[in-house]
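These numbers come from the heavy atoms of this one structure, side chains and all, not from hydrogens, waters or symmetry mates.
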2 protein chains.
Amino acid sequence: MGVSLKDVAQRAGVSIKTVSNVVNNYQHVTPAMRAKVQRAIDELGYRPNLTARHLRKGRTGIIALAVPEFGNPYFAELAGEVVDAAARHDYTVLVDHTAGLREKELLVSQGFRSHVIDGLILSPIHLETEDLMARTETAPLVLLGEREYEAPYDHIAIDNVAASREAVRHLLGLGHRRIAFLGSRTGRERQPAHLRLRGWREELAAAGLEPDESLVVVTDGYGREDGAAGMAALLDRGERPDAVFAYNDLIAIGAMRTLTERGFRIPEDIAVVGFDDIEESRYTTTTLTTIAPDKEAIARLAVDSLVERLSGEATAEPRRPRPGYRLVVRESTTPRPESGHTEDH
Amino acid sequence: MGVSLKDVAQRAGVSIKTVSNVVNNYQHVTPAMRAKVQRAIDELGYRPNLTARHLRKGRTGIIALAVPEFGNPYFAELAGEVVDAAARHDYTVLVDHTAGLREKELLVSQGFRSHVIDGLILSPIHLETEDLMARTETAPLVLLGEREYEAPYDHIAIDNVAASREAVRHLLGLGHRRIAFLGSRTGRERQPAHLRLRGWREELAAAGLEPDESLVVVTDGYGREDGAAGMAALLDRGERPDAVFAYNDLIAIGAMRTLTERGFRIPEDIAVVGFDDIEESRYTTTTLTTIAPDKEAIARLAVDSLVERLSGEATAEPRRPRPGYRLVVRESTTPRPESGHTEDH
DNA sequence: GTGAAAGCGCTAACAT
DNA sequence: ATGTTAGCGCTTTCAC
């Protein structure tokens, strides 16, 4: 294979331990000795074998991040933040995607590359509390995302209900009354959109309006094409909302595409609000009003939680920090005086 | 730590080797023995320690992928394809981003997590041939992207000159003559945009037109904001192109944003062509005509090349396969009869 | 078909 | 301040 500590020790005429001391920046090494060893290291081009170090230390310095899809810029942007946050703790990130498959989520949570990763950050879609409770893998797990779990794991998520209520309140304040929700799911109660849908219901009720369930649109997935299809379906069954609150920006962008194709003006005919503040939403022809979760904070809190668990510093009980968010108002909800000018870049 | 082979052997009353044979599906094990060992494995919840296996075998089954930015959907989409392609060879992918920093590119190429990754797929921006030649790390490296290198490494890239010529030819065929190029770089000859710019020059020259260098716009980076700023700068210095060919889709989308803000109609006043075919380009209000590189093929060829090098099957000389691409014509270059309808989803 | 033992490269006790 | 040694968990000869 390669050059080992032993080779360097031989070359420098010292013991393995001394070389190890130099490599690991151990305190008590005389400068002369350090220089001698360093020369041997350079001459031989020695590189420490991290695999051996990992085996010995029982940890690898690698954490895994599993998200549904990189194709969703929200997760791509988040992944970038996680990589950066992990680097600050000298951790490397192994990224995987679950393709929104329950099977894959289970697999990953159950020990993705056992003993190779020290811990896991997972953003599940389909996983249930029971799945989490049945988990046997001992590596720490930190959860991300909109689902709620009664499992003993740290979970990082913004206050989705409050954020959604703020989005709906914004629309109500502009005079909209028939506000559709795009991106619900049939079936299970604990669907990802659950909390955002609840926010929609609560804020409408708080305004004295009866939430009109015929304005709730179920979509197959959470991509642009799902938003486009969902919007088309809503219009096709004769509904004419005056605003749309979408589960995420991609769905909102797909919906805007359908609206534009069918000749609706945004926001004059129908206002649109998204969720995620992906960069794309700042560049759509009608820029998109959206809820902007603090992705940097989410990534940082997730990595910090995981690192604390790994170092055994954390308390036993699961933690549920609430990173911030803000409503970013853009053209898709701004009645324009004349021509459109962007207000947020 | 956890349960080791030894524990299982003890429990089953057999030797370590026998357990190892069962774990590794070795041929010559009697069914009875296999069942007995398997029971012990299940009872103890044994999970093989991959780190130890890696140390012993000298390889880890992990490859790294380093791209400039996940924020660019092209790289995010590509990363997803690489993860899938690697999985088909039972490799796991460790993803990193270089943030477009030469320093980081050097670091990564010089041995990202030495001995932890078996090989590396790198999409460089700033790296020079000299940097590559000075590389001491022995792990195989496969290059991606638009730069050309005279270094002995496999390099996967579509024919950028031909693809760019096709894009420009498309614009010429529509009657455009003053075609701007957005996304060049000052300084070095081997900039990423070099080949696409060459395609622009060659095709204009082939059509008997003198490439107008005042229509070549230098941008700071390759994001939406750079496209927006570049387009603004071009217009501000009084140029009125009738078409824009952008280095990539993000720049094109930024340019379209500026054009829309300033009241230009696309494609009537100015047609726009991008490069990459990110999903977003199918959903912009004026959908974007673009060159669509075969990302699946790029990822597959990169992983296959790397895996072949890792297994020692590959020939010595570097290989430069040419994955395919196609021109996807959308609204941004389609003079519409009346209202706009999408032609490609 | 199964067992015993060596060793991958490193770190951590312990010794000097 | 530096050297010696055991052992992390696994695979791999080589016996039997």
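- Taking every side-chain heavy atom of B:Arg56 into account, D:dG9 is the closest of D:dA1, C:dC10, D:dG9.
- Rounded to an integer number of Å, the gap from A:Asn25 CG to D:dA1 P is 15 Å.
- Within the 4.0 Å cut-off from OP1 or OP2 of C:dT11, at least one side-chain nitrogen or oxygen of A:Asn24 is found.
- Near DNA chain D, defined here as any heavy-atom distance below 4.0 Å, the residues from residues 32-48 of chain A are A:Met33, listed numerically.
- Ring orientation note: the planes of B:Phe70 and B:His97 are close to parallel, at an angle under 30° on the 30°/60° scale.
- In this structure, CG of A:Asn49 is placed 12 Å from P of C:dC8, rounded to the nearest angstrom.
- Atoms NE2 (A:His54) and P (D:dG7) sit 23 Å apart, rounded to a whole Å.
- Where A:Lys17 and A:Leu5 meet DNA chain C, the nucleotide closest to each residue was compared, and A:Leu5 sits on the side nearer the 5' end.
- Using a 3.5 Å distance cut-off with no hydrogens or angles, the side chains of B:Asp131 and B:His126 do not pair a donor with an acceptor.
- The distance from atom CG of A:Leu55 to atom P of C:dG9 is 12 Å, rounded to the nearest whole Å.
- Using a 4.0 Å cut-off between a side-chain N of Lys or Arg and a carboxylate O of Asp or Glu, B:Asp154 and B:Arg320 do not qualify as a salt bridge.
- A search for side chain to side chain donor-acceptor pair (under 3.5 Å) contacts involving A:Lys17 returns A:Asn21, not counting sequence neighbours.
- A close approach under 4.0 Å does not occur between any side-chain nitrogen or oxygen of A:Ser4 and OP1 or OP2 of C:dG9.
- Within the structure, salt bridge (charged side-chain N to carboxylate O under 4.0 Å, His left out) pairs that include any residue of residues 37-48 of chain A comprise A:Arg11-A:Glu43, A:Arg47-B:Glu137 (at least two apart or interchain).
- For D:dT2, neither phosphate oxygen OP1 nor OP2 lies less than 4.0 angstrom from any side-chain nitrogen or oxygen of A:Ser15.
- Phosphate contact (OP1/OP2 of C:dC8, side-chain N/O of A:Thr51, threshold under 4.0 Å): absent.
- Going from atom CZ of A:Arg59 over to atom C1' of C:dT11 covers 13 Å, rounded to whole Å.
- Under the 4.0 Å criterion applied to side-chain N and carboxylate O atoms, B:Asp276 and B:Lys295 are not assigned as salt-bridge partners.
- Between D:dG3 and A:Thr18, a contact under 4.0 Å exists linking OP1 or OP2 to a side-chain N or O.
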Would you check, one step at a time, whether the test salt bridge (Lys or Arg N to Asp or Glu O under 4.0 Å) holds for B:Arg319 with B:Glu308? CA-CA 11 Å; B:Arg319 297 186 306 180; B:Glu308 280 184 34; 3.2 Å; yes
